[in-house]
Amino acid sequence: MAPLSASTSPRANSLLAALPDDSLRGLIPSLEAVPLPLGMVVYESGGEKRYVYFPTSCIVSLLYVLADGSSAEIAVTGNEGLVGISLFMGGETTPSRAVVQSAGHGYRLRGEVLRKEFESGGALQHLLLRFTQALITQMTQTAVCNRHHSVDQQLCRWLLLSLDRLPGNELVMTQELIANMLGVRREGVTEAAGKLQDEGMIRYSRGHITVLDRAKIEARVCECYSVVKREYDRLLQQPASDRKH
């Protein structure tokens, strides 16, 4: 097991940080610090899950992959949550695939440890259920967005959701990977990214996207981003007075 000092503190993950001190202290011996490199498959569709992952400085994309190999992103998870909800929701597996979209670190916890804590009730169960509700909202809104909004609006939504989960304003992502995430043709992403770059919102070069003007992106994005952000804020940002330390 890697020592906890090997990467960011567990409290860099919002779910872990929201736990009362005694609850977190009880989990720390079972938390394993792990690197999560770009492109790492955290779990495959239908595959057995042994761990849940709490990202601290990376983003994991949940993808649905069709029989012909094409895919579309249904949600992203970063330092606000965890990856592997089926381990405590009772389903054990899911038809989606989880892939690291932005490299970083996180903590993993054995599934049996999480299930035991979840079934005992208390603060962790409460937080995990609220996160699951927020994640369902993101999945639902993503489906609506992909059906009704333009590619450049979808790209703006994706950029903002990603930035909310990273410390800086730069993303490492090729247009081909973005196209796979959004479930659109690469040419559509090229055109959409070109529009944003021409209007001074982003700078795109060799797989690096730098956001130059977030306010303009927020003005361009469809309502799907704000719907998801409000729900995450409502469900997961507890006032400090509500936490028992």
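These numbers come from a predicted model, not from an experiment.
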message = Less than 4.5 Å apart, side chain to side chain, heavy atoms only: is that true for Thr137 and Tyr232?
response = no
Heavy-atom nearest pair, Leu235 first then Ala134, reads CD1-N, 3.6 Å
On a heavy-atom basis, the closest approach of Gly200 and Leu212 is O-CB, 3.6 Å
| query | Out of curiosity, does Tyr107 fall in the hydrophobic cluster containing Met40 (side-chain heavy atoms, cut-off under 4.5 Å, transitive links)? | reply | yes
Between the OG1 atom in Thr77 and the CZ atom in Phe54, the distance rounded to the nearest 0.5 Å is 11.5 Å
In this structure, CZ of Arg97 is separated from CD1 of Ile74 (nearest 0.5 Å) by 13.0 Å
_Could you see if Met201 belongs to whatever hydrophobic cluster contains Leu166? Use Ile, Leu, Val, Met, Phe, Trp, Tyr and a side-chain cutoff under 4.5 Å._
yes
Looking at Ser61 and Gln101, would you say the former's side chain and the latter's main chain have a donor-acceptor pair under 3.5 Å?
no
Side chains of Leu128 and Ile85: does their closest heavy-atom pair fall under 4.5 Å?
no
When every non-hydrogen atom of Gly84 is compared with those of Lys49, the smallest separation belongs to CA-CD, 4.4 Å
Interatomic distance, CZ@Arg220 vs OG@Ser150, rounded to 0.5 Å, equals 7.5 Å
Inset, instruction - Check step by step if side chain to side chain contact (heavy atoms under 4.5 Å, CB included) holds for Ile217 and Asp213. - result: CA-CA 7 Å; Ile217 294 177; Asp213 194 330; over 6 Å; no
Checklist entry - Can you find a pair of side-chain heavy atoms, one from Val60 and one from Val76, that are under 4.5 Å apart? => result no
Does any N or O in the side chain of Asn79 come within less than 3.5 Å of the main-chain N or O of Ser57, such that one atom is a donor and the other an acceptor? no
* To do: In sequence, state the C-alpha distance, the side-chain angles, and the governing distance for Leu16 and Leu24, and then conclude on side chain to side chain contact (heavy atoms under 4.5 Å, CB included).
  => CA-CA 7 Å; Leu16 294 177; Leu24 181 57; 4.2 Å; yes
In terms of heavy-atom contacts, Gly168 and Leu163 come closest through O-CD2, 3.6 Å
So OH of Tyr51 and CG of Leu109: to nearest 0.5 Å the spacing works out to 9.5 Å
- Query: Do Ser96 and Ser45 touch side chain to side chain, with heavy atoms closer than 4.5 Å?
  - Reply: no
Looking only at heavy atoms, the pair that brings Leu36 and Cys58 closest together is CD1-SG, 3.3 Å
- side chain to side chain contact (heavy atoms under 4.5 Å, CB included) between Trp158 and Val221: does it pass, once the steps are laid out? CA-CA 9 Å; Trp158 180 84; Val221 74; over 6 Å; no
* **Shared hydrophobic cluster for Leu236 and Leu62 (ILVMFWY, side-chain gaps under 4.5 Å)** => yes
Q) Does any N or O in the side chain of Thr142 come within less than 3.5 Å of the main-chain N or O of Gln138, such that one atom is a donor and the other an acceptor? A) yes
query: If you measure only the distance, is there a donor-acceptor pair under 3.5 Å linking the side chains of Gln125 and Ser120?
result: no
Does a side-chain heavy-atom distance below 4.5 Å link Lys216 with Leu196? no
Glu80 and Ser14: side chain donor to acceptor below 3.5 Å: no
_Do Val42 and Val99 make a side-chain contact, defined as non-hydrogen atoms from C-beta onward lying under 4.5 Å apart?_
no
**Request:** Identify whether Leu135 and Val144 are in the same connected component of the hydrophobic contact network (ILVMFWY, side-chain heavy atoms under 4.5 Å).
**Result:** no
Point to revise | Plane angle bin for Phe118 and Phe88 - parallel if under 30°, tilted between 30 and 60°, otherwise perpendicular | key: tilted
Practice problem: Would you check if the side chain of Gln154 reaches a backbone N or O of His149 as a donor-acceptor pair within less than 3.5 Å? | Solution: yes
field: Leu129 vs Met89 side-chain heavy atoms within contact, under 4.5 Å
entry: yes
| said: I'd like to know if the side chain of Arg165 and the backbone of Leu161 have a donor-acceptor N/O pair within less than 3.5 Å. | reply: yes
Between Glu32 and the options Arg110, Arg108, Arg50, the salt bridge (Lys or Arg N to Asp or Glu O under 4.0 Å) test singles out Arg108
Item to check | Polar side-chain atom of Asn169 near backbone of Val211 as donor-acceptor pair, under 3.5 Å | outcome: yes
Run the salt-bridge test on Arg11 and Asp21 with the 4.0 Å N-O cut-off and return the result as yes or no.
yes
Practice prompt. Indicate yes or no: at least one non-hydrogen side-chain atom of Ile209 is less than 4.5 angstrom from one of Leu159.
Written response: yes
Salt bridge (charged side-chain N to carboxylate O under 4.0 Å, His left out) filter on Arg214, not counting sequence neighbours, yields Asp164, Glu218
When rounded to the nearest 0.5 Å, the distance separating SG of Cys224 from CG of Leu160 is 12.0 Å
Here the pair of heavy atoms bringing Ser9 nearest to Thr56 is O-CG2, 3.9 Å
Between the CG atom in Leu124 and the CG atom in Leu27, the distance rounded to the nearest 0.5 Å is 6.0 Å
Applying the 4.5 Å side-chain criterion to the ILVMFWY set and letting contacts propagate, would Ile136 and Leu82 be lumped into a single cluster?
no
Just by distance, with hydrogens left out, do Gln141 and Tyr225 show a side-chain donor and acceptor under 3.5 Å apart?
no
Check your understanding: Has the side chain of Asn13 got a donor or acceptor atom that lies under 3.5 Å from a matching backbone atom of Gly81?
Key -> yes
- Query: Sub-3.5 Å donor-acceptor pair from the side chain of Lys195 to the main-chain atoms of Asp152, do we have one?
  - Reply: no
task: Test side chain to side chain contact (heavy atoms under 4.5 Å, CB included) on Thr210 and Leu171 and set out the steps.
output: CA-CA 6 Å; Thr210 303; Leu171 301 166; over 6 Å; no
